[in-house]
Amino acid sequence: MNTLLIKSVNVAFPGHPFHNRKADILIAKGKIARIASEITTEVDGVKVIDAGDQFIAPGFFDLNANFGEPGLETKEDIITGSAAALAGGFTGVAVHPNTQPPVDSHAEVALIVNRAKTLPVDVYPIGTISKKRAGEELAELYDMKLAGAIAFGDGNKPVQQAGLMSRALLYSKGFDGLIFSYADDTSVSGGAKMNEGITSTYLGMKGNPNLAETLMIARDLYLAEYHDAAIHFTTVSTAQGVDLIRRAKERGIRVSCDVAAHHLVLTDDLVAGFDSNYKVNPPLRTEQDVTALLKGLADGTIDAIVSQHTPHEVEFKNVEYEIAAYGIIGLQTVLPLALRAGLTPHQLVEKLAVNPRKILGLGIPALDEGAEANFVLFNPREKWMFTSQRNRSKSANSPLLGTELTGKVTLVANNRQLITI
């Protein structure tokens, strides 16, 4: 598809003259050739799309995705993970180092960068904070930065040693590195299977209290303030955590945070059916927490929405709930879940496309004539079935598989490639 004309599309590119208006957009050879109120063309070979209710926005960017490569390719490799990302409207993803071996050196970072070079999705590795994610010794952060690491975090292993986190913040500050904190005090939450509350008591399961998250957020905020260093909290899930970050921002601490899309809609009472696809970490919380998360999105406390895409082979999920692995696949369901949570298309652009790139210091895709095309075309009203045939991940651990969803991606453009979904 060399030339494409999108007719009468709702433009959601903040700062663009056509933002919040309808326009015709001509794409040729992977670039924006023209944008105007009306474009007519009778040139052969031009495909025309009548956009209708659809929106065009900068390609989404996910700050928290897990691909299995290197080492865990049976869960997800870079190729299949990128296919799932595209189907969800993402043209960029930051992949966390939950791999074997972990992404803790120049070699692993370079492997991911090189594997993703020709893909229509920009894949950015997050290097580890500690060697082997063991939480004991600082990894070679600057060396990984030179190889292409976009930020640093120990993935789903929270840094328990305050001294190590302190050194990471201080060292990364010297080269404008960004530290990701996964806030969980395992001395409080260790061994928990779900959120601590009424449902966990009813089911007789060990619960993970909100306290485990808020203790770690409080600690890392103090450390970031002490060093005047930037810190990003990923997958915040509690009302108390949101409140701590809100107050920290008011005090001028350099902090940002994101929330997983499933935490905006799903609650811990769903665990009563013992469906292991609802087993995630942080766990699904209460309605009160969901309300606080939505308020945090609305007032700007929470900067971004992520997928926390965590694929697993069937043998890790098709077992008793107590021993099942944590995580769900989420790249293809972020848009429908965010819409179900009540976000408008323009709020989605801020939380899924603009803010994630600002947090990482990346440029925002432009819709200017002559610019490389990097956008997503989506219909917030279109209903579709999330079936195994439409699932682009290698894994199938999602409670949403087999259900009807509202909000569909129809076209993605990036790296001079146009992909119809």
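One is the number of the first residue; the rest follow in order along the sequence.
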Notebook entry, point to check: Does a donor on one side chain sit under 3.5 Å from an acceptor on the other, for Gln288 and Thr291?
Noted result: no
Check: Is there a donor-acceptor contact under 3.5 Å from the side chain of Asp154 to the main chain of Ile129?
Finding: yes
Checklist line | Pair His96-Asn156, side-chain donor/acceptor within less than 3.5 Å | finding: no
Notebook entry, point to check: Does NZ or CZ of Arg219 lie under 6.0 Å from the centre of the six-membered ring of Tyr222, at an angle within 45° of the ring axis?
Noted result: no
Check: Any donor-acceptor pair under 3.5 Å linking the side chain of Lys145 with the backbone of Gly177?
Finding: no
Next item on the list: Would you kindly say whether Gln54 and Thr410 are connected by a side-chain donor-acceptor distance under 3.5 Å?
Entry: yes
Next item on the list: Ignoring hydrogens and angles, tell me if any N or O in the side chain of Arg254 forms a donor-acceptor pair with the backbone of Asp228 under 3.5 Å.
Entry: yes
Next item on the list: Answer yes if the side chains of Asn277 and Ser398 hold a donor-acceptor pair under 3.5 Å, and no otherwise.
Entry: no
Next item on the list: Decide yes or no on side-chain contact (heavy atoms from CB on, under 4.5 Å) for Thr199 and Met194, but give the supporting numbers first.
Entry: CA-CA 9 Å; Thr199 305; Met194 63 173 298; 3.7 Å; yes
Item checked: Heavy-atom donor-acceptor pair, Gln417 side chain to Thr118 backbone, under 3.5 Å -> yes
Next item on the list: Give the ring-plane orientation class for Phe61 versus Tyr124, where under 30° counts as parallel, over 60° as perpendicular and anything between as tilted.
Entry: tilted
Note to self: Any carboxylate oxygen within less than 4.0 angstrom of a Lys/Arg side-chain nitrogen, looking at Asp122 and Arg357?
What the structure shows: no
Note to self: Once you measure the plane-to-plane angle for Phe180 and His232, does it fall in the parallel (<30°), tilted (30-60°) or perpendicular (>60°) bin?
What the structure shows: tilted
Next item on the list: Determine the interplanar angle of the His19 and His346 rings, folded into 0 to 90°, and report it as parallel if under 30°, tilted if 30 to 60°, perpendicular if over 60°.
Entry: perpendicular
Notebook entry, point to check: Within the distance-only criterion (no hydrogens, no angle test), does the side chain of Gln347 pair as donor or acceptor with the backbone N or O of Pro345 below 3.5 angstrom?
Noted result: no
Notebook entry, point to check: For Ser187 and Asp185, does a side-chain donor sit closer than 3.5 Å to a side-chain acceptor?
Noted result: yes
Check: Which pairs count as salt bridge (charged side-chain N to carboxylate O under 4.0 Å, His left out) when at least one residue sits in residues 384-413, sequence neighbours excluded?
Finding: Asp77-Lys394
Notebook entry, point to check: To the nearest 0.5 Å, what is the distance between CG (Asn10) and CG (Asn379)?
Noted result: 9.5 Å
Notebook entry, point to check: Any side-chain donor-acceptor pair under 3.5 Å between Asn391 and Ser388?
Noted result: no
Check: Roughly how far, to the nearest 0.5 Å, is the CG atom of Leu284 from the CD1 atom of Ile328?
Finding: 7.5 Å
Next item on the list: Give a yes or no on whether the backbone of Thr286 and the side-chain of Asp268 come within a donor-acceptor separation of less than 3.5 Å.
Entry: no
Next item on the list: Answer yes or no: is there an ion pair linking Lys7 with Asp24, defined by an N-O contact shorter than 4.0 Å?
Entry: yes
Margin query: Test ring-ring contact (aromatic ring centres under 6.0 Å, His included) on His262 and Tyr278; report intermediate values, then the result.
Written below: CA-CA 9 Å; His262 47 265; Tyr278 289 113; over 10 Å; no
Margin query: Check whether Lys75 reaches the backbone of Asn66 with its side chain - one donor and one acceptor, N or O, closer than 3.5 Å.
Written below: no
Note to self: Could you tell me if Glu76 and Thr80 have a donor-acceptor pair between their side chains, going purely by distance under 3.5 Å?
What the structure shows: yes
Next item on the list: Would you confirm whether His312, through its side chain, and Tyr326, through its main-chain N or O, come within 3.5 Å as a donor-acceptor pair?
Entry: yes
Check: Do Ser237 and Arg285 have side-chain atoms, one donor and one acceptor, less than 3.5 Å apart?
Finding: yes
Checklist line | Distance, nearest 0.5 Å, that separates CG of Asp368 from CD1 of Ile35 | finding: 8.5 Å
Margin query: I'd like to know if the side chain of Arg340 reaches the main chain of Thr406, judged simply by a donor and an acceptor atom lying under 3.5 Å from each other, with no hydrogens or angles considered.
Written below: no
Next item on the list: Establish, from distance only, whether the side-chain atoms of His263 and Gln308 form a donor-acceptor pair under 3.5 Å.
Entry: no
Item checked: Donor + acceptor pair across side chains of Asp303, Ser256 (<3.5 Å) -> no
Notebook entry, point to check: Does Asp258 reach the main-chain N or O of Thr235 with its side chain, forming a donor-acceptor pair under 3.5 Å?
Noted result: yes
